[in-house]
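Just so it is clear, the structure is predicted and the values come from calculations on it, not from any experiment.
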Amino acid sequence: MQDNATEVTAAGIARLAGVGRAAVSNWRRRHADFPKPVGGTETSPSFALAEVEAWLRDQGKLAEVPLRERVWQQLSGHPEGPVTALTHAGCVLLLIHDRPTVWLDASAGSDARLAAMLPGALEEVLAPRFGAATAVNTSDAVNSTGAVNTSPPASPRTALHTPLAPELLPSVPLLRGAAELAAELGARQTFEFLLGRHLDANPRQYTLTPADLAGLMADLAGPARTVLDPACGTGALLRAVTARADQELYAQDSAPELAALTALRLALHTRAHVYGATGDTLRADAHPELRADAVLCHPPFNERNWGHDELAYDARWEYGFPARTESELAWVQHALARLKDGGTAVLLMPPAAASRRSGRRIRADLLRRGALRAVVALPVGAAPPYNIPLHLWVLRRPEKAPAQPEVLLADTGQFATEGRGGPDWREVREAVLDAWRAFDRAGTLQERPGLARALPVIDLLDDDVDLAPARHLPPATAADGAEALTAVRERLGETLRLTTDLTPPPADTAQPARWPLTTVGELARGGALVMRTGGNGGHARVPVLTDHDVIAGTAPSGTLPESDEEAVLVEPGDVVVPVLGGGSMARVIDDASAGAALGRSLVLLRPDPAALDPWFLAGFLRGTANNRQASSYASTATRLDVRRLQLPRLPLDEQRRYGARFRALDEFERALRHAGRLGNQLVRGMYDGLTDGTVAPD
């Protein structure tokens with residue numbers, strides 16, 4: 001069957017042909033035989049992928065489409081939407097993973113035969129891997145906690161059903177492409193690649209849990225045979241759980257597409273039995289009889305419509321009925337209700353949940369009964385919303401009330417970084433796990449100033465029951481505060497003197513130059529430089545250079561989703577250019593940043609040293625007028641078309657003269673930035689020292 005149903009946008013056509021969107025617009029105007037739109041809108045039309053590929057091939061503009069790009073275009077342009085396409089692809093990838101010979105037999109015939117055979121083949125794979133969720137019909141029965149429901153919330157359903165032949169037929173070209181990609185990458189890696197691309201293409205639709213945070217939460221929960229995530233999202237938390245024999249993973253989400261994708265993702269990642277369900281967890285619990293070893297949860301924050309009115313007499317509220325504004329405390333108690341005695345729950349929480357007055361009675365009871373064991377403040381940027389320092393709550397279902405309970409409070413805010421790639425996760429992980437494991441063994445912890453301490457519960461049971469760690473942790477030892485500020489002041493003085501020495505000399509007046517110009521695109525076609533774009537995945541432990549790092553002049557600070565996609569690694573002498581935001585910036589990679597992966601929204605230019613000086617290239621790319629003529633403007637963003645950036649055609653010796661001047665300007669700019677950071681550090685330190693009494697006013 002020809003793939004006439006899949007549609008592709010102008011941006012997708014540009015990626016297929018390796019050109020900018022402006023080129024696609026030109027083709028539509030200049031070529032009468034260019035395929036006509038088949039969908040979309042007047043301002044954003046879509047085209048039949050098969051027709052576009054045929055036209056590009058006839059024009060010699062489609063020498064070789066990367067397999068990954070072809071499969072992604074088939075998925076993103078699927079007539080039933082990318083989520084349906086991704087679900088179908090995931091089912092087939094699981095079939096390939098578990099029973100490759102069955103797939104080979106089914107795919108050997110026609111597309112119609114393949115679509116007809118797949119439902120039976122998929123059923124044989126899906127049924128053993130996915131347990132049917134325990135669905136409670138709450139419309140006429142007792143609910144998950146023994147209380148009779150007076151309203152009929154939606155009952156939970158199993159996350160996956162076997163797609164039928166008519167549903168699968170439009171997906172057959174995609175499924176064949178996904179199978180071909182799986183032969184190259186592996187079934188699991190193929191699904192992770194497609195899922196990652198879908199999440200990246202729709203960032204506002206999903207709230208993601210970063211992989212480093214998910215790993216920390218799983219490690220805090222410890223080894224477990226049965227694990228539940230009642231708000232599973234895309235499955236990051238359950239995917240981070242250490243695999244073990246006879247493991248059972250339970251997942252539920254109110255969004256059917258997320259529950260299905262999570263179930264497939266987990267089945268491809270582990271041999272554990274996966275019990276996935278869709279439904280509102282608080283109103284229609286899919287696993288009411290479960291008593292798990294561990295619960296991991298990143299619940300929705302600040303929900304008012306969580307079931308306050310209809311769940312008033314629910315037996316899960318052992319520690320008090322949550323106020324309408326305390327949805328997070330409802331999730332906390334749901335997690336505790338699904339734990340076996342001694343089981344551990346780890347929840348990501350907004351910081352307000354530790355101090356809101358409306359939740360103080362529940363917090364007090366959690367403390368008195370020994371259920372709340374630790375509150376950990378994370379650095380800013382750990383998870384969305386990235387501008388708020390979120391908390392981790394570690395809870396344990398008490399087997400008996402402790403005689404003199406203590407609670408661990410930790411604050412890792414000191415490990416925040418300047419970049420947008422998140423905090424220093426290695427430091428956060430080591431500090432949190434070391435403190436938690438020591439506290440969990442002994443029931444107490446020797447104070448670690450500024451980082452962690454164990455407090456007797458009685459000390460927190462005041463009118464506020466405020467559990468915010470920063471309010472109970474003394475600052476780090478301040479004895480050397482004045483000495484540290486003196487050291488900062490000395491470094492600032494040295495940097496300011498260096499800045500003075502690096503200040504550019506007075507500018508000489510000159511007539512505007514009339515050079516012959518070329519563009520980055522022409523240089524790339526001529527072989528004077530190689531042009532690469534940032535990827536969507538890579539190896540987990542490779543530091544990533546982000547667009548913020550380039551703009552701020554800081555070290556690589558980012559991370560990319562883990563995948564087997566080959567990351568673009570930067571080398572000394574490369575020139576890196578951000579393409580979003582409208583600023584004129586280019587950075588020459590030095591030895592300190594070499595080896596980092598190129599992040600998204602960045603373009604790398606690797607000049608041939610026999611033809612181009614990198615500093616000459618970077619300097620001219622930063623020209624304001626140059627950036628304006630190469631930028632396109634939307635209502636919410638500015639995007640730079642790097643291929644349209646211009647620079648003069650000059651001999652290599654003349655390039656090096658300009659390059660030396662541009663390099664000196666870069667050193668001056670770096671010194672100014674460093675002086676600014678030191679100045680801010682000194683000012684903040686002086687304010688803190690004067691206000692806490694560690695610095696004398698004289």
Side-chain angles (χ1 to χ4, degrees), residues 133-159 207 228-233 250-256 258-259 275-292 295-341 343 345-350 352-354 356-369 371-372 393 395-398 465:
T134 307
V136 180
N137 189 344
T138 52
S139 62
D140 57 2
V142 176
N143 75 7
S144 63
T145 61
V148 177
N149 286 314
T150 57
S151 59
S155 298
R157 296 181 291 111
T158 53
T207 299
L228 166 68
D229 184 348
C232 63
Y250 294 81
Q252 183 171 352
D253 200 276
S254 59
L258 290 181
Y275 296 86
T278 179
D280 185 327
T281 295
L282 295 181
R283 289 186 174 93
D285 184 11
H287 313 290
E289 305 303 323
L290 177 65
R291 296 297 178 265
V295 175
L296 300 173
C297 187
H298 178 174
F301 297 161
N302 302 318
E303 279 202 339
R304 296 297 181 97
N305 184 28
W306 59 267
H308 177 270
D309 294 336
E310 57 263 51
L311 297 175
Y313 300 102
D314 198 299
R316 284 173 292 184
W317 316 142
E318 294 182 50
Y319 302 88
F321 180 41
R324 190 183 302 276
T325 56
E326 294 288 353
S327 62
E328 297 86 6
L329 293 182
W331 285 98
V332 163
Q333 294 190 75
H334 173 82
L336 285 167
R338 294 295 158 264
L339 284 174
K340 70 177 186 181
D341 289 347
V346 183
L347 283 83
L348 184 66
M349 302 283 279
R356 280 191 298 242
R357 289 189 60 81
S358 54
R360 65 189 186 279
R361 292 179 181 173
I362 294 177
R363 293 195 300 270
D365 209 31
L366 289 169
L367 290 172
R368 287 191 194 98
R369 297 170 61 180
L372 182 57
W393 285 25
L395 303 111
R396 183 161 289 156
R397 185 169 182 83
V465 196

Original post:
Sub-3.5 Å donor-acceptor pair from the side chain of Gln252 to the main-chain atoms of Gly276, do we have one?
Top reply: no
Subject >> Main-chain N/O of Pro230 paired with Thr281 side-chain donor or acceptor, under 3.5 Å >> reply: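 Yes: the side chain of Thr281 pairs with the backbone of Pro230.
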**OP:** List the steps, then state whether salt bridge (charged side-chain N to carboxylate O under 4.0 Å, His left out) holds for Arg361 with Glu326.
**Re:** CA-CA 12 Å; Arg361 292 179 181 173; Glu326 294 288 353; over 6 Å; no
Any idea which heavy atoms bring [X] and [Y] closest together, and the distance?
X	Y	value
Arg397	Leu336	NH1-O, 3.0 Å
Tyr319	Pro398	OH-CD, 3.8 Å
Gly307	Arg283	N-NH2, 3.3 Å
Trp306	Ser327	CD1-CB, 3.5 Å
Ala330	Trp317	O-CZ3, 3.6 Å

With a 4.5 Å cut-off on side-chain heavy atoms, are [Y] and [X] touching?
X	Y	value
Phe321	Ile362	no
Met349	Trp331	no
Leu329	Trp393	yes
Thr207	His298	yes

**OP:** State plainly whether the residues Glu303 and Arg324 are in salt-bridge range, i.e. N to O under 4.0 Å.
**Re:**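 No, Glu303 and Arg324 are not salt-bridged.
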Subject >> Lys/Arg N to Asp/Glu carboxylate O, Asp285 vs Arg338, below 4.0 Å >> reply: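 A salt bridge links Asp285 with Arg338.
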Could you give the distance from [atom1] ([X]) to [atom2] ([Y]), rounded to the nearest 0.5 Å?
X	Y	atom1	atom2	value
Leu282	Glu310	CG	CD	10.0 Å
Leu348	Cys297	CG	SG	9.0 Å
Lys340	Leu290	NZ	CG	11.0 Å
Arg304	Thr325	CZ	OG1	5.5 Å

Original post:
Given the rule in the side chain to side chain contact (heavy atoms under 4.5 Å, CB included) test, do Val295 and Asp229 qualify, once you have shown the distances and angles that lead to the verdict?
Top reply: CA-CA 6 Å; Val295 175; Asp229 184 348; over 6 Å; no
**OP:** Just do the side chain to side chain contact (heavy atoms under 4.5 Å, CB included) check on Glu328 and Arg356 with the steps written out, would you?
**Re:** CA-CA 11 Å; Glu328 297 86 6; Arg356 280 191 298 242; 2.7 Å; yes
**OP:** With sequence neighbours excluded, tell me which residues meet side chain to side chain contact (heavy atoms under 4.5 Å, CB included) with Ala259.
**Re:** Ala159, Asp253, Thr278
Original post:
Step by step, would you call Leu311 with Arg316 a side chain to side chain contact (heavy atoms under 4.5 Å, CB included)?
Top reply: CA-CA 9 Å; Leu311 297 175; Arg316 284 173 292 184; 4.0 Å; yes
Subject >> Set of residues satisfying side-chain hydrogen bond (donor to acceptor under 3.5 Å, both in side chains) with respect to Arg360, sequence neighbours excluded >> reply: none
**OP:** Tell me, with the steps shown, if Arg291 and Leu339 meet side chain to side chain contact (heavy atoms under 4.5 Å, CB included).
**Re:** CA-CA 5 Å; Arg291 296 297 178 265; Leu339 284 174; over 6 Å; no
Subject >> Parallel, tilted or perpendicular: rings of His287 and Tyr250 (30°, 60°) >> reply: perpendicular
